There are 2 protein chains.
Amino acid sequence: MVEHSGLDIMCMNKYSPGASTDTEKKLFTRLKVSLTKRYPQKNAETLSAQYGANLLLIGVSVMLALAQHGTVVREEHLLTFITVLMLVQLAWMLCYMIRRERERSPLPERDAHAGTSWIRGGLTMLALLSLIMDAFRIGYFVGYHSCISAVLGVYPIIHALHTISQVHFLWFHIKDVIKKYETFERFGVIHAVFTNLLLWCNGVMSEAEHFLNNHRRRLTALGHANHTTVEVEPQCNCSTSVCSMFSTSLYYLYPFNIEYHIFVSAMLFVMWKNIGRTLDHHTNHKRPSTRSSGLLLGPVLGLLALASSITVLVVYLIHVEKSVQTREAAVSMFYCYGVVMLVCMCGASGTGLLIYRMEDWPMDTGQNPSRALDSDLLLGSSLGSWLMSWCSVVAVGASQSSPSYRWTCLAYSLLLVLEKCIQNLFIVESLYRMRTDPAGGEEGSGSVPEIFSVASSMVPPYDGIVNRAYETQDKRCGPLENEAHENRQVYSRKCSGVTLPVENSLNVTPGRKRQVLKNITIFLFMCNISLWLLPAFGCRPQYDNHLEQEMFGFSAWSTVLNVAIPLNLFYRMHSVASLFEVFRKV
Amino acid sequence: MVEHSGLDIMCMNKYSPGASTDTEKKLFTRLKVSLTKRYPQKNAETLSAQYGANLLLIGVSVMLALAQHGTVVREEHLLTFITVLMLVQLAWMLCYMIRRERERSPLPERDAHAGTSWIRGGLTMLALLSLIMDAFRIGYFVGYHSCISAVLGVYPIIHALHTISQVHFLWFHIKDVIKKYETFERFGVIHAVFTNLLLWCNGVMSEAEHFLNNHRRRLTALGHANHTTVEVEPQCNCSTSVCSMFSTSLYYLYPFNIEYHIFVSAMLFVMWKNIGRTLDHHTNHKRPSTRSSGLLLGPVLGLLALASSITVLVVYLIHVEKSVQTREAAVSMFYCYGVVMLVCMCGASGTGLLIYRMEDWPMDTGQNPSRALDSDLLLGSSLGSWLMSWCSVVAVGASQSSPSYRWTCLAYSLLLVLEKCIQNLFIVESLYRMRTDPAGGEEGSGSVPEIFSVASSMVPPYDGIVNRAYETQDKRCGPLENEAHENRQVYSRKCSGVTLPVENSLNVTPGRKRQVLKNITIFLFMCNISLWLLPAFGCRPQYDNHLEQEMFGFSAWSTVLNVAIPLNLFYRMHSVASLFEVFRKV
């Protein structure tokens, strides 16, 4: 205990022996006081991040051992570990909610940007699908209960409980800016973040393994290779008649479960970043959404893209299993479809960027952890798919065989890189643009935030348990907003009905441009959903075209894909969410 | 060109046909104006980051293809690509320096925290070793010039040129805060960052391949396995007699070259982050370093650790090659040594943290990209080694064989996790603590920065090409500082000579504590150098203990190691640099 100041004490002992016990006492009291006092938050941040990272890494190392299909480390061990983590998270959430309930009186601060209601709604949908998955898992366990470990039955029950309470937590507490017991809560939140990340990893691993097994089976059926499948089947017969139905449908629900966990962990991460933060009331208010008139081209083209993607998906999955010729045709079809799709998306995002170049709407530089995380995640998750694309380019360039899809594959890969670059730019620019008043154009932008900020300093920012942060201010500013809407509607009506003088039409352009932007956004939104659907449900030509596999070898290439495909899926879902944010903002 | 506002124009054409050409002209001018005007910096940041990431990924995908040792993609292709990147960087640096030279008059802003002189000194040393490596490479090329590609001769020449100009750039421009042609310079700097990262990757890959080949050869010699080595030897005889000497010594220089490139890219990244930044003059000044009296225990123990590490390294490398028994003994010895070392390091860092808990020196919350990057990199690079440790823990826990080093391996792995956690906490806390005046204790901390900030607003922050930012202020504050030094020396003399009253000795404690901290820091500094030396020069028991390899399989485990070991090496070097910073600050 006194080791920390050994030198001091030595020095004192030597030259003032009489006073030494007195000094030691004083030192002890000082140490005691300092250990109970407030822990610096920078350290709490580092410490909790390290704790969380290690939790995840323990899980990952068990997964790596599992992937070898040895006899010692089995799935039960991993599931037990995850179950324990979920139980700890449940306990923390319960504690947190009870404490919040008790100390209702002092109004807690809330970050209006974290977890908007539509994103929470989306997550609730995903959570429902996860619950169905849990039900299937329980059914599967009941069928085989005589020969599989009890952990496989406990896990889905706890997972269902975890899902329900987590959704409740997200609805009522995700915006909280924690200012009490910061160090303790930091650990709780980061525990939740990494528990969800681990659940994501587990989902990704199960899904990848299932896909690889299917792929191997297909290759063997086509006479391509003689890989042995390593899927473990229970040793006994199913006691109910629907076991195979359960295990098959499970894999159609995996993609939703995977997205659910990664999104929750991103939201909780924002909550963690917000702990102890002092909110800037100038920027912390929700902007009311504008009416969406003049939306036609975007949604129509988007629906077209979505429909064609579903067609491609079905055709691909049927044809890729039949024979070598149909497989080649399916892969060719996919690449052609992809090229068309990506060209359209590049065009749309590029147009959006050009519009931004023409207008100088001001940039919003306020602090906003949620937005900063959004842009970082977009860039970070693009890396996986870029690596995949560049590998394809190298493989096409150096390939000695020349299948029919060789050059479309090259075009597809290059376009994929380009499309992600432009789309990222478009989304980031949209998120960072200040929203100006549609009627007033650039001039109006200065005054509205002024009013908001004055209002927010007078009105309590919280009214009730349902998340209505800043609703009061919104109402207060209502008349101004309504006026703006009316102005805009007048303009639209003029444009669609009567002749407009040129001066006026030039004034109108910001509003018109916004409509174009809204159309672009909704189109990109649909396209990203399409490009999520395809790989999520098994359309992965990177496995079937054999170009890359020849160049990099099966094990290296499937390692790359096992990392890159989940990242790519996350990228698509995340850009869907960001584009929705953009849509509401423009 | 007008596609971006298609809807506007359609709308206008329909209802005011006469005015359409006029409007289009106006739109054109507007577009022209807006395309030439200043590009928003948030976008430039995203765009340049995407450019850099893609450069790196192209390189990585070529490396992946190379790792398969096919006939199509050869080393020449990779080297050509890297050479081109280096040439582009050279051109940019030349442009930049010439422009800076011309517009000397307006004093450029400089970030005093970026690239301190001792870190540039260290880099210069590493650069010299890299130059020797280039010389060896040229020698090797001359020897085999008749049968190897000319690219292998051009590459080291360009690399040497690149190294020299880069070091020059680091000395004179790394602190620059760029405010002109921001978008262009952003691309230049990020190009330099990613060129160095790619050179780092290339170094890491060559080094890992060389090590793996050695390892395979050793295993085959011990009769353990029958791996075939895939090292490519030139097809002709060497025309000079020292070719083998060149190629052997090359591998002893690799570790230095690798560290050189990763450090340069971290420094350039800080420069990139600084582009367009408005410096906060309150925090932007270098603190003069304190005198280092009372340093004894730390350096002595540190040197002891260093000496024992070198002994362990030599003994390990000799014994691991001999027989299965000596190999086991060598691995056991390594783990015992590691456990002792890590326990000492944990104790030292823990003591440091306790001292911080006892004092409440204020935290420095000023913006400082360099420091933020330092802490992020520490945490990020720990991940690799943590994953490795947890894999070892899983392997030991589930292993069916039980070699003599089984439980020391477990202790070593757990201690490694703990040591990195505590050390990270210690370094981060030290970096974020405000330095208080040693004589005045906590009270003095308020006044000195005041004087600094006043001075910095009056005195130009730049005097001459050599990096003497804020030297003037330092001089101005000289008397005060000197007084402080004198006060401290008086205290030290008192402490070592005459009896001190207790009240006074309690006042002295902050100074004493600082001495303890300095000792701890220097000890940790030496320990980290030791732990860098061991894996850098081939002491990697993770390959030789066979526990993990049994559990995870050779390919999965060597993939983990190929990622984790370079990260771990970087972690050690980076904490050496951070600890030096801490040493100067305490």
Side-chain angles (χ1 to χ4, degrees), chain A residues 3-5 7-8 11-12 15-16 19 22-23 30-31 34-35 40 42-43 46-47 49-50 53-54 57-58 60-62 64-65 68 72-73 351 354-355 357-358 363 379 383 386-387 390-391 394 398 417 421 424-425 428-429 432 495 499-500 502 505 509 512 515-516 551-553 555-556, chain B residues 3-4 7-8 11-12 15-16 19 22-23 30-31 34-35 40 42-43 46-47 49-50 53-54 57-58 60-62 64-65 68 72-73 351 354-355 357-358 363 379 383 386-387 390-391 394 398 417 421 424-425 428-429 432 495 499-500 502 505 509 512-513 515-516 551-553 555-556:
Chain A
E3 185 195 347
H4 56 274
S5 51
L7 275 183
D8 299 15
C11 171
M12 285 177 267
Y15 303 109
S16 53
D22 216 36
T23 323
R30 215 158 142 189
L31 181 59
S34 63
L35 283 181
K42 182 69 202 169
N43 292 35
T46 314
L47 194 59
Q50 296 192 130
N54 278 300
L57 291 174
I58 295 174
V60 169
S61 54
V62 176
L64 278 176
Q68 288 299 306
V72 190
V73 178
T351 313
L354 267 184
I355 292 181
R357 286 291 74 67
M358 286 183 63
M363 295 294 263
L379 253 70
L383 292 179
W386 282 334
L387 177 62
W390 288 118
C391 283
V394 169
V417 174
C421 281
N424 287 346
L425 275 179
V428 170
E429 177 140 18
Y432 276 84
C495 181
T499 321
L500 217 63
V502 181
S505 82
T509 30
R512 279 275 145 197
Q515 274 189 4
V516 179
M551 179 56 62
F552 300 101
S555 79
Chain B
E3 188 195 345
H4 55 274
L7 275 183
D8 299 14
C11 170
M12 286 178 264
Y15 304 110
S16 53
D22 216 35
T23 323
R30 214 159 142 188
L31 181 59
S34 63
L35 283 181
K42 181 69 202 169
N43 292 34
T46 314
L47 195 59
Q50 295 192 132
N54 278 299
L57 291 174
I58 295 175
V60 169
S61 54
V62 176
L64 279 176
Q68 289 298 308
V72 190
V73 179
T351 313
L354 267 184
I355 292 180
R357 287 292 73 68
M358 285 183 65
M363 296 294 263
L379 252 70
L383 292 179
W386 282 335
L387 177 62
W390 289 117
C391 283
V394 169
V417 175
C421 282
N424 287 346
L425 275 180
V428 170
E429 177 141 19
Y432 276 84
C495 182
T499 320
L500 218 64
V502 180
S505 82
T509 30
R512 279 276 145 196
K513 294 228 177 71
Q515 273 189 5
V516 179
M551 179 56 63
F552 301 101
S555 79

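Every chain is numbered from 1, with letters handed out A, B, ... down the list of sequences. All figures in this text were calculated on a predicted structure; none of them were measured in a lab. Atoms considered below: every heavy atom in the structure, side chains included; atoms not considered: hydrogens, waters and symmetry mates.
Contact of V62(B) with chain A is made through backbone and side chain together, with heavy-atom distances under 4.5 Å. Proximity to chain B involves both the backbone and the side chain of F552(A), based on heavy atoms less than 4.5 angstrom apart. In this structure, the portion of L379(A) lying under 4.5 Å from any heavy atom of chain B is its side chain and not its backbone. Contact of L387(B) with chain A is made through backbone and side chain together, with heavy-atom distances under 4.5 Å. Using a 4.5 Å cut-off between heavy atoms, A398(B) touches chain A through backbone and side chain atoms alike.
Among A65(B), G553(B), A556(B), the residue making the largest number of heavy-atom pairs under 4.5 Å with chain A is A65(B). Counting heavy-atom pairs closer than 4.5 Å to chain B, the top residue among S555(A), C391(A), C421(A) is C421(A). With chain A as partner, the option from V428(B), V73(B), V60(B), I58(B) having the largest number of non-hydrogen pairs under 4.5 angstrom is I58(B). Between chain A and the options N424(B), N43(B), L64(B), the largest number of non-hydrogen pairs under 4.5 Å is found for N43(B). Your options are N54(A), V417(A), L47(A), and the one with the most heavy-atom pairs under 4.5 Å with chain B is N54(A).
Between atom CG of residue L57(A) and atom CH2 of residue W386(B) there is a gap of 8.0 Å, rounded to the nearest 0.5 Å. The CG atom of L354(B) sits 11.0 Å away from the NZ atom of K513(B) when rounded to the nearest 0.5 Å.
M551(B) and Q68(A) make their closest contact through O-CG, 3.3 Å (heavy atoms, listed as atom of the first residue, atom of the second, distance).
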